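Just below is one structure, and these are the notes that go with it.
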Protein chains: 2
Amino acid sequence: MITTEAKIKEQVEKIGVVCDKDGFPPLAGRLLGFLMLAEPPHKTFDEMVDFLQASKSAVSNTLKFLEAQKMVDYITFAGDRKRYFRMNVEGWGQVVGQRLDFLVNMQEKVKEVLAIRTTDHPEFNQGLHNIYLLYQTFIDELPRIIQKWEEAKKKHT
Amino acid sequence: MITTEAKIKEQVEKIGVVCDKDGFPPLAGRLLGFLMLAEPPHKTFDEMVDFLQASKSAVSNTLKFLEAQKMVDYITFAGDRKRYFRMNVEGWGQVVGQRLDFLVNMQEKVKEVLAIRTTDHPEFNQGLHNIYLLYQTFIDELPRIIQKWEEAKKKHT
DNA sequence: TTATTAGTTCTGCAAAAAAAGAACTAAAAA
DNA sequence: TTTTTAGTTCTTTTTTTGCAGAACTAATAA
């Protein structure tokens with residue numbers, strides 16, 4: 001399979017758009033896309049600056065962001081002081097898990113609200129309680145999903 | 001249970017922060033919080049302007065946003081031309097479902113990337129494939145989660 | 001020691017997002 | 001018909017975010 005530079009650029013932009021829509025900072029999705037498509041899958045700071053046609057500061061800050069999200073990390077090689085950044089494919093379970101933190105936080109707030117509300121509007125309170133249960137179900141089922149994933153990984157190797 | 005205005009304001013702000021962290025527009029989380037705590041659980045436009053100490057335009061646009069997310073809707077009463085906005089507790093399954101659209105979009109991008117990549121870095125490709133499987137597992141398990149939720153709701157009524 | 005490399009941090013500036021306030025609209029009321 | 005109500009939309013201002021480029025830092029190399 002020969003993939004042209006143009007094709008890669010196009011795909012990087014598409015990944016950028018998906019991430020953009022999800023609220024990522026503008027460069028973050030494209031940088032992630034670049035690393036996703038990179039051959040070899042680890043690239044230097046300068047290669048990213050070059051490919052993304054962005055400033056060093058923009059790349060540095062975007063890397064900081066993606067590292068905080070555990071989406072990107074880097075490796076080094078003896079006798080070479082460059083860092084080789086790569087998509088952190090091993091840590092992706094954690095990445096997705098982190099995204100679900102919102103559920104936990106929001107569930108807590110709903111719980112607090114239920115403790116505060118009067119009993120004057122039982123139907124609404126019930127609806128709110130159901131939302132609480134929805135979050136609870138997600139939280140409860142998460143380990144099962146991870147387990148299913150582990151099984152799926154085994155099958156596919 | 002008597003809950004002071006101050007206590008409610010505080011809780012609204014806390015809900016605002018949780019939503020903020022998740023990328024909501026600034027007013028959206030607070031407006032949602034206000035409706036979550038509202039007694040009765042439906043409030044007029046003016047009550048929201050008043051409570052949130054924001055302009056009518058800010059409230060109008062925020063309502064538009066929350067309605068698009070299916071987080072808020074409104075009811076009307078005969079002989080009263082006001083709209084009574086409320087948290088759409090019934091539609092929350094859809095709200096959470098919508099948030100998972102990112103998984104579907106991202107999975108598709110990962111799939112496309114796998115189709116483009118060479119076989120030169122099988123370990124990385126495997127990692128990427130595992131991410132694909134993670135998304136797939138979530139997508140597969142979603143109906144089961146909804147079903148579990150339905151069961152939980154029955155138990156708690 | 002001085003110079004180079006591999007980034008990071010700081011200083012503005014430009015673009016985008018959010019908010020305010022005014023102008024507007026559609027329906028109902030007077 | 002005019003007025004009021006309940007919002008929406010438009011215009012301007014303010015705030016926030018993102019970026020570039022320069023200055024800086026820490027480590028290596030010459």
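Just so it is clear, the structure is predicted and the values come from calculations on it, not from any experiment. Reminder, nothing fancy here: chain letters follow the sequence lines and each chain counts from 1.
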5'-most contact on DNA chain C: B/Asn61 or A/Val59, nearest heavy atom basis?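 Going by which nucleotide is closer to the 5' end, it is A/Val59.
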
5'-most contact on DNA chain C: A/Lys64 or A/Asp80, nearest heavy atom basis?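 Comparing both residues, the 5'-ward one is A/Asp80.
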
In whole angstrom, give the distance that lies between atom [atom1] of [X] and atom [atom2] of [N].
{"X": "B/Asp50", "N": "D/dA6", "atom1": "CG", "atom2": "P", "answer": "14 Å"}
{"X": "B/Tyr74", "N": "D/dA6", "atom1": "OH", "atom2": "P", "answer": "15 Å"}
{"X": "A/Phe77", "N": "D/dA27", "atom1": "CZ", "atom2": "C1'", "answer": "19 Å"}
{"X": "A/Asp20", "N": "D/dT17", "atom1": "CG", "atom2": "C1'", "answer": "13 Å"}
{"X": "A/Gln53", "N": "D/dG21", "atom1": "CD", "atom2": "C1'", "answer": "17 Å"}
{"X": "A/Phe65", "N": "D/dG18", "atom1": "CZ", "atom2": "P", "answer": "9 Å"}
{"X": "A/Leu63", "N": "C/dG7", "atom1": "CG", "atom2": "C1'", "answer": "10 Å"}

Point-to-point distance, once rounded to the nearest 0.5 Å, from SG of A/Cys19 to NZ of B/Lys109: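 It comes to 10.5 Å.
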
Spacing of CG belonging to B/Asn125 relative to NE2 belonging to B/His129, to within rounding of 0.5 Å: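 If we round to the nearest 0.5 Å, B/Asn125:CG and B/His129:NE2 are 10.5 Å apart.
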
Looking at A/Lys56, does any N or O in its side chain come under 4.0 Å of the phosphate oxygens OP1/OP2 on C/dT9?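 Answer is no, no contact under 4.0 Å.
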
Taking only the side-chain nitrogens and oxygens of B/Arg83, find out if one of them lies under 4.0 Å from OP1 or OP2 of C/dA26.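 B/Arg83 to C/dA26 OP1/OP2: no side-chain N or O under 4.0 Å.
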
Ion pair present between A/Lys148 and A/Glu151, side-chain N to carboxylate O less than 4.0 angstrom?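 Answer for the salt bridge query: no.
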
Need to verify one output field. Residue with the more 5' nearest nucleotide on DNA chain D, A/Ser57 or B/Ala58?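 Taking each residue's closest nucleotide, the earlier one in sequence belongs to B/Ala58.
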
How does protein contact run along nucleotides 12-18 of chain C, one letter per nucleotide 5' to 3', with B for base contact, S for sugar-phosphate only, - for none, heavy atoms under 4.0 Å? ------S

Short heteroatom pairs, N/O only, protein and nucleotides 2-4 of chain D, under 3.5 Å:
{"residue": "D/dT4", "atom": "O2", "partner": "B/Arg81", "partner atom": "NH2", "Å": "3.3"}

Taking the minimum atom-to-atom distance to the side chain of A/Ser55, which one of C/dA6, D/dG21, D/dA6 wins?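 Of C/dA6, D/dG21, D/dA6, D/dG21 is nearest to the side chain of A/Ser55.
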
Shortest side-chain distance from A/Phe85, nucleotide among C/dA20, D/dT8, C/dG7: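 Nearest to the side-chain atoms of A/Phe85, counting from C-beta on, is C/dG7.
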
Is the distance from the ring center of B/Tyr84 to that of B/Tyr74 below 6.0 Å?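 No, they do not, as the ring centres are separated by 6.0 Å or more.
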
Looking at the rings of B/His42 and B/Phe77, which for Trp means the six-membered one, are their centres under 6.0 Å apart?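 Yes, the ring of B/His42 comes within the 6.0 Å limit of the ring of B/Phe77, centre to centre.
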
Compute both the distance and the angle, then confirm whether B/Lys111 meets the cation-pi test with B/Tyr135: under 6.0 Å from the six-membered ring centre, within 45 degrees of the axis.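 Cation-pi check for B/Lys111 and B/Tyr135: fails.
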
Linked, directly or transitively: A/Ile8 and A/Val17 (ILVMFWY side chains, under 4.5 Å):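 A/Ile8 and A/Val17: separate clusters.
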
Regarding B/Trp92 and A/Tyr132, is there a side-chain donor-to-acceptor distance under 3.5 Å anywhere?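 Checked: B/Trp92/A/Tyr132 side chains show no N/O donor-acceptor pair below 3.5 Å.
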
Could you check whether A/Gln98 and A/Gln69, counting side-chain N and O atoms only, form a donor-acceptor pair closer than 3.5 Å?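 The criterion, which ignores hydrogens and geometry beyond distance, is not satisfied for A/Gln98 and A/Gln69.
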
